[in-house]
Amino acid sequence: MMVDRSGMALPPIDDAAGERRRKQRFVARRGGEPCFWLVLGAQRIALNDLSAEGFSYPSPTPGENAEAFDFLLQREGVPDEIRGRAETVNYLADAAQMGCRFLSIEGDGAQRLHDWLIAHVIVSASVRITEKDAAAIVAGPSLI
């Protein structure tokens, strides 16, 4: 069930799949360990999932929908960062999860994010896939 900041239930999304994202989202874990992180102020938070359009992270309390904030993304074990601005789009009370959409990504961050996701798909795949196959998965529609 999705709720707004006041805890009121939100109506279901009006589409057949109930999905807002147009691009595939990826679980932000590898081998059971977090591999993508969100830095908000001094707090480093393991992401739940990441896509070319946004991300979600654990949050015990809802944020204000359309609340914009600056973000910093990090990839575990890699000295690379992606900065930008995102907005809160939903809160899943059952999962204590905040969903966010990118508003802007600084510099070449969008291309680097795309590369991060391709590498993540290749490393996480249970069967051998090519970079071309991984890029198609990253660019493809949401399957979740």
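- The CZ atom of Arg29 lies 12.0 Å from the OG atom of Ser124; values are rounded to the nearest 0.5 Å.
- Qualifying side chain to side chain donor-acceptor pair (under 3.5 Å) partners for Asp80, counting only residues two or more places apart in sequence or in other chains: Arg112, Trp116.
- When the ring pair (Phe, Tyr, Trp, His ring centres under 6.0 Å) test is applied to Tyr57, no partner is found at least two apart in sequence or on another chain.
- Legend: residues meeting side-chain contact (heavy atoms from CB on, under 4.5 Å) with Ala96, ordered by chain and number and at least two apart, are Tyr91.
- Counting heavy atoms from C-beta outward, Val121 and Phe26 have side chains that approach closer than 4.5 Å.
- With contacts defined as side-chain heavy-atom distances shorter than 4.5 Å, the pair Ile82/Leu113 qualifies.
- At a threshold of 4.5 Å between non-hydrogen side-chain atoms, the residues Cys100 and Phe71 do not count as touching.
- Side-chain rings of Phe36 and Phe55 stay apart, their centers remaining 6.0 Å or farther from each other.
- At least one side-chain heavy atom of Leu73 sits under 4.5 Å from a side-chain heavy atom of Leu47.
- Among all heavy-atom pairs drawn from Ala46 and Pro34, the shortest one is CB-CB, 3.6 Å.
- Scanning both residues, Leu103 and Ala68, for their nearest heavy atoms gives CD1-CB, 3.9 Å.
- To the nearest 0.5 Å, atom CG of residue Leu50 and atom CD of residue Gln24 are 11.5 Å apart.
- Linking ILVMFWY side-chain heavy atoms closer than 4.5 Å, directly or via other members, places Val123 and Leu117 in two distinct hydrophobic clusters.
- Atom CE of Met98 and atom CG of Asn48 lie 11.0 Å apart (nearest 0.5 Å).
- Residue Arg85 holds its CZ atom at 14.0 Å from CZ of Arg101, rounded to the nearest 0.5 Å.
- The stretch residues 30-45 participates, sequence neighbours left out, in these side chain to side chain donor-acceptor pair (under 3.5 Å) pairs: Arg30-His120, Trp37-Glu76, Arg44-Gln74, Arg44-Glu76.
- Formation of a donor-acceptor pair under 3.5 Å by the Arg75 side chain with backbone atoms of Val78 is not found in this model.
- When the side-chain contact (heavy atoms from CB on, under 4.5 Å) test is applied to Glu106, the partners found at least two apart in sequence or on another chain are Arg83.
- Rounding to the nearest 0.5 Å places NE2 of His114 at 12.0 Å from CD1 of Ile105.
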Would you give me the side-chain donor-acceptor pairs under 3.5 Å for residues 131-138, sequence neighbours excluded?
{"residue": "Asp133", "atom": "OD2", "partner": "Thr130", "partner atom": "N", "Å": "3.4"}
{"residue": "Asp133", "atom": "OD2", "partner": "Thr130", "partner atom": "OG1", "Å": "3.1"}

- [ ] Start with the C-alpha distance between Leu40 and Ile45, add both sets of side-chain angles, then the distance that settles side-chain contact (heavy atoms from CB on, under 4.5 Å), and finish with yes or no.
- [x] CA-CA 8 Å; Leu40 290 175; Ile45 306 164; 4.1 Å; yes
